[in-house]
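Written below as structure tokens is the structure these notes are about.
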Amino acid sequence: MNRWIACWNIVLKDMKAYYLKPPNVSWGLLFPLAWAGMFLIRSGQGVHSLVSVLPGMIALSVLFGTSSMLAVAVTFEKKAKAFERLVLAPIPLWMLMLAKTSGAVVFGMFNALVPILLGLVFSGLSGVAWSLVAPAILLMALASTYLSLLLAVLATEVFEVQTLSNFVRFPMIFLCGLFFPVTALPELLQPFSYLLPITYGVDLLHHAMGGEQLLSVGVDFALLAVFCLLLFAVSLRSINRHWIG
Amino acid sequence: MAPADDAVIRVRGLVKRFGDVHAVDGIDVAVSEGGFFGFLGPNGAGKTTAISMLTGLARPDAGSIEIGSIDCSRNPKAAQHLIGVVPDESNLYPELTGFENLCFSGALYGLRKKVRQRKAEELLDLFGLEGAAERKFSGYSKGMKRRLVIAASIMHEPPLLFLDEPTSGIDVESSRMIRSLLAALNRNGTTIFLTTHFIDEAERLCDRIAFIVNGKIVRDDRLERLLQPVQGRYALTVTVSGGCVVPYTDLQQAFPGLVFHETAENELRIESSKPLKAGLLVRFLEDRCVEVVEARKRQLSLEDVFVEVTGIGSSSMTGGVKEGRGRR
């Protein structure tokens with residue numbers, strides 16, 4: 001049987017049912033704009049300084065774009081037993097979950113385009129190393145999607161997963177070096193920054209856009225890739241143990 | 001009962017525990033190719049857990065499962081291309097239309113777009129849902145939902161179909177339609193594994209039935225062999241007013257050829273190998289100041305075999321247990 005037909009249709013179904021719904025799209029557009037506005041007003045430097053907050057805005061857009069819907073959709077389908085339909089399909093679980101999470105990854109990357117377009121319009125973004133930006137966004141989208149998947153597996157109710165998501169996402173905003181460097185954090189908090197995958201994604205974006213850098217490009221890519229694999233593997237293992245009991 | 005040689009489902013010593021509870025406790029099942037197998041038991045007997053293990057939704061703690069000669073004990077997904085599953089809940093996607101749900105189900109089994117669209121239209125017609133094809137699943141009635149779930153499970157034309165309580169909680173018309181469609185599917189060669197707590201449904205549809213109680217199979221046989229002891233036997237169920245004492249000794253003396261069962265408080269069942277004369281018995285009781293509320297004549301059926309074998313009252317197939325005490 002052609003497994004790709006199954007996978008492609010899972011992605012299309014999720015896009016139609018969840019990601020391309022007007023509230024989700026408007027959230028994806030408004031959220032980065034609101035953050036950009038807030039930081040620009042705070043800095044008082046005008047729209048030309050947009051590039052300085054762009055790595056943070058991109059990372060936030062990816063983080064919230066990937067995680068706002070996936071965890072809720074998976075928990076909802078699990079509770080309504082619709083997820084069982086997918087588990088009953090003759091597709092390996094890893095392939096099934098890759099398809100199930102692809103919608104979130106695509107939506108997160110689409111969200112990242114909003115601040116990038118803003119940057120292009122107001123700052124030109126002439127010195128940006130796009131060859132670093134694209135893979136960094138992809139890896140960040142993968143890492144935060146699989147983190148959301150893991151949260152969805154841990155929760156049983158939709159409200160639980162929403163609480164869990166916020167519990168993880170909001171500290172991340174302050175610990176990942178999105179808007180001020182990790183080195184500026186109190187020493188006690190800095191180790192927590194290194195435990196978060198987005199830290200390395202943001203660092204890559206700083207490499208690409210000329211901000212303060214924490215680690216080398218190679219180390220950032222390697223660690224981000226390890227986080228992606230690890231989070232996906234742990235999620236699969238949890239689904240296998242808890243959902244196919 | 002010895003398993004069939006042509007079995008397409010073969011289960012040996014299947015066990016599933018949840019903590020201290022043995023939901024399924026060492027069951028053996030063999031279902032022949034083209035057979036219609038009924039798994040009959042009250043709620044909580046272990047039917048859904050068993051079907052979950054057979055379809056790959058749960059892992060057994062012990063035992064082996066072979067589906068179409070594929071060993072699924074270690075890899076529950078190995079035979080999923082051969083099976084269609086109708087779960088106990090209508091679990092299609094509420095935001096998709098009937099047509100979209102069927103197409104999506106077909107896609108999960110690798111059907112190409114044109115094939116799944118043609119198949120979806122055929123099945124919507126067959127299940128009497130052509131008028132609701134473009135309506136969202138969330139707007140369907142319970143009976144329509146059930147029909148669409150069954151249609152979705154056969155989109156890929158599986159040779160084996162598992163159904164978990166397919167007619168539970170739906171209207172009479174939908175139930176009848178589902179039963180007749182299942183019978184037609186079976187006539188066309190689909191092997192069916194049905195769990196139900198409706199005894200008459202199992203009797204009407206299945207050619208082989210297993211009774212499951214507390215996770216154990218207490219009897220597994222062909223329908224005609226199960227029915228053998230009750231064939232040509234008649235019963236009269238009499239309900240009397242509360243507080244009335246049934247004079248069993250008088251009854252036994254007056255009607256020596258009959259068997260009396262006290263099936264519940266205020267209810268007795270009278271069995272005979274000849275058609276019973278209800279009026280005679282009712283008058284006998286009323287003459288002894290026993291007020292008869294209802295007297296119902298019928299031929300003995302699978303329901304009586306089930307009660308006899310399991311000790312579970314047919315009316316309490318939702319959980320309660322009634323003891324049937326025979327008096328001759």
Side-chain angles (χ1 to χ4, degrees), chain A residues 1-25 69 72-100 102-103 153 156 158 236-245, chain B residues 16-19 23 48-49 51-61 67 70 72 75-97 100-101 103-113 115-116 136-138 149 152-153 155-156 158 162 164:
Chain A
M1 91 152 234
N2 194 338
R3 290 166 173 173
W4 294 109
I5 291 180
C7 291
W8 177 238
N9 278 277
I10 290 171
V11 178
L12 287 184
K13 195 274 289 172
D14 282 354
M15 278 292 180
K16 186 181 174 197
Y18 304 118
Y19 298 105
L20 296 182
K21 291 276 184 207
N24 201 47
V25 174
M69 189 49 86
V72 173
V74 170
T75 313
F76 169 74
E77 285 192 8
K78 169 74 176 69
K79 198 163 166 55
K81 294 200 171 180
F83 195 80
E84 283 184 2
R85 299 203 78 79
L86 305 180
V87 177
L88 285 169
I91 321 166
L93 192 64
W94 66 267
M95 212 172 182
L96 174 70
M97 293 320 294
L98 272 186
K100 191 73 195 150
S102 292
V153 181
T156 49
V158 173
L236 276 192
R237 194 179 141 83
S238 302
I239 290 170
N240 239 319
R241 283 182 62 176
H242 300 300
W243 291 4
I244 311 170
Chain B
K16 183 71 183 175
R17 288 180 289 264
F18 296 109
T48 299
T49 307
I51 222 170
S52 295
M53 287 190 279
L54 292 176
T55 56
L57 288 174
R59 269 189 205 83
D61 291 320
I67 306 254
I70 299 169
C72 307
N75 182 6
K77 294 187 81 69
Q80 281 181 331
H81 60 290
L82 297 175
I83 65 171
V85 183
V86 177
D88 58 345
E89 284 177 44
S90 298
N91 64 347
L92 291 172
Y93 297 94
E95 65 280 0
L96 300 187
T97 66
E100 287 170 339
N101 261 305
C103 287
F104 181 66
S105 294
L108 288 179
Y109 291 85
L111 299 188
R112 294 190 178 279
K113 194 173 182 178
V115 178
R116 56 182 191 256
K136 283 192 177 179
F137 185 66
S138 54
V149 170
S153 72
M155 271 293 286
H156 58 296
F162 289 88
D164 194 2

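Atoms considered below: every heavy atom in the structure, side chains included; atoms not considered: hydrogens, waters and symmetry mates. Each chain gets a letter, A, B and so on, in the order the sequences are listed, and its residues count up from 1. Quick caveat, the model's predicted, so the values are computed rather than measured.
- For the pair B:L57/A:I244, no side-chain contact is recorded, criterion being any heavy-atom separation below 4.5 Å from C-beta on.
- Neither the backbone nor the side chain of A:W8 comes within contact range of chain B, judged by heavy atoms closer than 4.5 Å.
- Separating the CG atom in B:L96 from the NZ atom in A:K13 is a distance of 6.5 Å, to the nearest 0.5 Å.
- Side-chain atoms of B:R116 and A:N9 form a donor-acceptor pair, as typed in the model, at a separation below 3.5 Å.
- Looking at B:S105, only its side chain comes within 4.5 Å of chain A, counting heavy atoms on both sides.
- With rounding to the nearest 0.5 Å, the separation of OH in B:Y93 from CZ in A:F76 is 10.0 Å.
- Looking at B:P94, the atoms closer than 4.5 Å to chain A (heavy atoms on both sides) all sit in the side chain, from C-beta outward.
- Electrostatic pairing of B:E100 and A:K16 counts as a salt bridge here, judged by a charged N lying under 4.0 Å from a carboxylate O.
- Of the two parts of A:L96, neither the backbone nor the side chain holds a non-hydrogen atom closer than 4.5 Å to a non-hydrogen atom of chain B.
- Ranked by heavy-atom pairs under 4.5 Å with chain A, the list B:K16, B:R112, B:R59 is led by B:R59.
- Using a 4.5 Å heavy-atom cutoff, the side chains of A:F83 and B:N91 are not in contact.
- Smallest separation of non-hydrogen atoms from A:P90 and B:L108: CD-O, 3.8 Å.
- The nearest pair of heavy atoms linking A:L88 to B:Y109 is O-OH, 3.5 Å.
- At a 4.5 Å heavy-atom cutoff, the contact between A:A17 and chain B is made by backbone and side-chain atoms alike.
- With a 4.5 angstrom heavy-atom cutoff, B:A152 touches chain A via backbone and side-chain atoms both.
- Side chain of A:R3 to main chain of B:G110: no donor-acceptor pair is present (N/O by atom type, distance under 3.5 Å, no hydrogens or angles).
- Neither the backbone nor the side chain of B:N101 has a heavy atom closer than 4.5 Å to any heavy atom of chain A.
- Under a 3.5 Å cut-off, the side chain of B:K77 and the backbone N or O of A:I91 do form a donor-acceptor pair.
- You'll find the side chain of B:F104 stays beyond 4.5 Å of the side chain of A:R85, heavy atoms only.
- Taken to the nearest 0.5 Å, the OG atom of B:S90 stands 11.0 Å off from the NZ atom of A:K81.
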